[in-house]
2 protein chains.
Amino acid sequence: MTRQTPTLEDVARAAGVSRATVSRVVNGIRNVDPAIQDVVREAIRNTGYTPNRAARSLVTKRAETIALVVSGAGDESESEQNAFAARVLADPFFGRVVSGVVGFLRPRSMYPVLMFAETEKARGEVLSYLRHSSADGALIFSTHAEDPLPTLLAEEDLPCVLFARPLVSTPVTYVDVAHRDGARLAAEHLLARGCRRVATVTGPLNLPAAQDRLAGFRDTLARHGHPYIPIAEGGFTTESGTAAMGRLLMEHPDIDGVFAANDLMALGVVQTLLATGRRVPEDVAVIGFDDSNVAAVCRPPLTTIRQPMEEMAATMARLLQEQIEGTLSEPTSVIFQAPAALGPGVRHVVRGAGVRQRHRLAHRALHDHRQR
Amino acid sequence: MTRQTPTLEDVARAAGVSRATVSRVVNGIRNVDPAIQDVVREAIRNTGYTPNRAARSLVTKRAETIALVVSGAGDESESEQNAFAARVLADPFFGRVVSGVVGFLRPRSMYPVLMFAETEKARGEVLSYLRHSSADGALIFSTHAEDPLPTLLAEEDLPCVLFARPLVSTPVTYVDVAHRDGARLAAEHLLARGCRRVATVTGPLNLPAAQDRLAGFRDTLARHGHPYIPIAEGGFTTESGTAAMGRLLMEHPDIDGVFAANDLMALGVVQTLLATGRRVPEDVAVIGFDDSNVAAVCRPPLTTIRQPMEEMAATMARLLQEQIEGTLSEPTSVIFQAPAALGPGVRHVVRGAGVRQRHRLAHRALHDHRQR
DNA sequence: CTGAAAGCGCTAACAA
DNA sequence: TTGTTAGCGCTTTCAG
């Protein structure tokens, strides 16, 4: 019934040459007579041949595929797994990331495989997937600070690139944004607006990103004569933003400016402010930090610090590719500047130029690490 | 350097049996002495063996992988390809779909590979990917009515399931929502609110979904004594909603109720209404149709017809699986009811129960089709 | 119930 | 420059 897909053998026969020769032209290896190349290419066209990935992968140990892994830390129960996936995927953050990755992969005819690694078992599957070269490497997006996956991958020298600097020091390549600089811009924005009683809703403080945004915000305000800043910790969700703002208002009802460590929380903050009869931004100015793109659909328009998420994701893919090809031997990090943008869709002058930094690791530390 | 991953051979040696026997227990084939099974399983545990997918796939012609394909119709230029991908991925619709698919796949330790097929070349790649069983089947999400991909797949009997009924009649399985019923609920909602001068912003009218939503809306209103309904065609984006509402107001400034054929457009509609000094919903009531989940982050809360997107996507995965396993021979369609929900997060009483329908195809039509 | 043997389609030495 | 050959790791007849 189902027509067989043509093999190298078929092409070889059609072209009157050996399999090896066909293989050579398919893989663009020189040392093939140009005339024969033409004949072979013609035969390929006639037969409609395309290489069988499984067969090729079996011998080359290359899948020409990369894994896009969303990983957590815990050991969620079966029932919580779907919820985990749903939560991550529902976040607009995800679409932007995939978009950036796909932008890099597409021209290379590569396709990402989507994996989740929030349990011990799932991590094991990711590991064996990579060990078998079912994927040549992984792009890791952790939702928890203590995610063990990066270390597990690094221990086995499996190619991977992280989104965001990991909490534990692991010799691994990552891409991140300059959180402190972004937070500084947020602080300056509020000050420039004339806010004098500012507060911040932070992300989960065990996350480096959340810490850095808080630190950058605090430092800037301190430098401007505001040594004490009320803070409330949130969980990067809209609901947590709503709650956190409620707590802040309880203690400090006269707040006139708020920096929310991400846009979803900023949304929650705005909702609480409106619900308590305050006007935004007349009474209280709010600025977010752009992980998602909710700022674009928000009324009133949300002021936010723009992260070049797509570019960051594309850069991750590029670094992974270099790692797979062996072009990149040492762990590297690329830090993007987060340019300020007021409101959604505002054209920003400062492009987010990536600043690549060599990550020098003490030999000893690396060694110790390998010893586990 | 890189430790070899253990093979069947290794396990066989450790267990003192042949490769074939190990393979049998790995694949759960009966007719293996229980005692030997234990020995083998122990050896598997000790060696840390996991099957090599490429090798297995080479012989079984099964990849245990499915493709999640976002396909367009046109033949976009190179530069437009990224834009295409970005547009689709930015839409929250996408996250919900992936979430639903992953919900089905995860418990089966399967992972989807993400593909785009908006050009001739990309379609070719998807086809050969499936022909080679690099993926066992495809879940297709078309963004255009004249997408040739479903037909191409059907012609080669490659397993696939579509999201939404295709425009051209193709013997292919699909999952859809009862657009007319949903639109009817939207109409009834507006009438119940007391609206008397209603209008609608439709989707691209070459899409069956957009046609059906329009038809359902019109029919219901006609039945209630409103034979004429102003309409403006949009493109399922926020901007197109803004523009369409502007056109409607130009001709009919006294509109007091609007049905937008999706939420993104509803957002645009609301923005135009507010911008022209109208209050929502006091002056003009707006109801959307939920493709994305923007309704949840919208102020004022958007009233919308809820589509059970995740369940629909999960059902697509299930149908594809059945097709791959050969359990499902004939093309089938599953139509979900779209329950009405007022505002975001409102618990709806009517669950979206899937109504499976056999899709009876005239033998002759099918035959003609196969002849191309 | 178990093992031996023959490939799946491809690449990569190694010869010619 | 080209062909021959030996596998990659697995499943699957076919004997035993």
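So you know, we letter chains A, B, ... as the sequences are listed, proteins then strands, and number each from 1.
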Between B/Ser134 and B/Leu130 (side chain of the first, backbone of the second, donor and acceptor by atom type, cut-off under 3.5 Å), is there such a pair?
no
Report yes or no: does B/Thr21 contribute a side-chain atom to a donor-acceptor pair with the main-chain N or O of B/Val17 at less than 3.5 Å?
no
Would you please classify the geometry between the B/Tyr111 ring and the A/Tyr129 ring as parallel, tilted or perpendicular, with 30° and 60° separating the classes?
perpendicular
Please check the phosphate of D/dG9 (OP1 and OP2 only) for any side-chain N or O of B/Thr7 closer than 4.0 Å.
no
Beyond-backbone contact of A/Glu311 with A/Phe104, side-chain heavy atoms, under 4.5 angstrom:
no
Go nucleotide by nucleotide along DNA chain D from the 5' end; which of A/Gly16 and A/Leu58 gets its closest nucleotide reached first?
A/Gly16
Considering only D/dT4, C/dG7, C/dG9, which nucleotide approaches the side chain of A/Ala55 most closely?
C/dG9
Under 4.0 Å: is that the gap between some side-chain N or O of A/Lys61 and OP1 or OP2 of C/dT11?
no
Contact nearer the 5' end of DNA chain C, comparing B/Val32 with A/Pro51:
B/Val32
I'd like to know if A/Arg53 pairs up with A/Glu64 as an ion pair, taking the criterion as any Lys NZ or Arg NE/NH1/NH2 lying under 4.0 Å from an Asp or Glu carboxylate oxygen.
no
Rounded to whole Å, the CG-P distance (B/Leu8 to C/dA4) equals 14 Å
Between P on D/dC8 and CG on A/Asn52, what's the gap in Å once rounded to a whole number?
18 Å
For A/Arg62 and C/dC10, give me the distance from atom CZ to atom C1', rounded to whole Å.
16 Å
Between A/Arg106 and B/Glu118, does any NZ, NE, NH1 or NH2 come within less than 4.0 Å of an OD or OE carboxylate oxygen?
yes
Nearest-Å distance, CD1 (B/Ile44) to P (D/dC10)?
11 Å
If I take atom NE2 in residue A/His132 and atom P in nucleotide D/dC10, what distance separates them, rounded to the nearest angstrom?
7 Å
Among the nucleotides C/dC8, C/dT11, D/dT1, which one has an atom lying closest to any side-chain atom of A/Asp33?
D/dT1
Here the residues of residues 19-31 of chain B within 4.0 Å heavy-atom distance, strictly under, of DNA chain C are B/Arg19, B/Ala20, B/Thr21, B/Arg24, B/Asn31
Could you state the atom-to-atom distance from CZ of A/Arg53 to C1' of D/dC8 in whole Å?
17 Å
Is there a donor-acceptor contact under 3.5 Å from the side chain of B/Asn52 to the main chain of B/Ala54?
yes
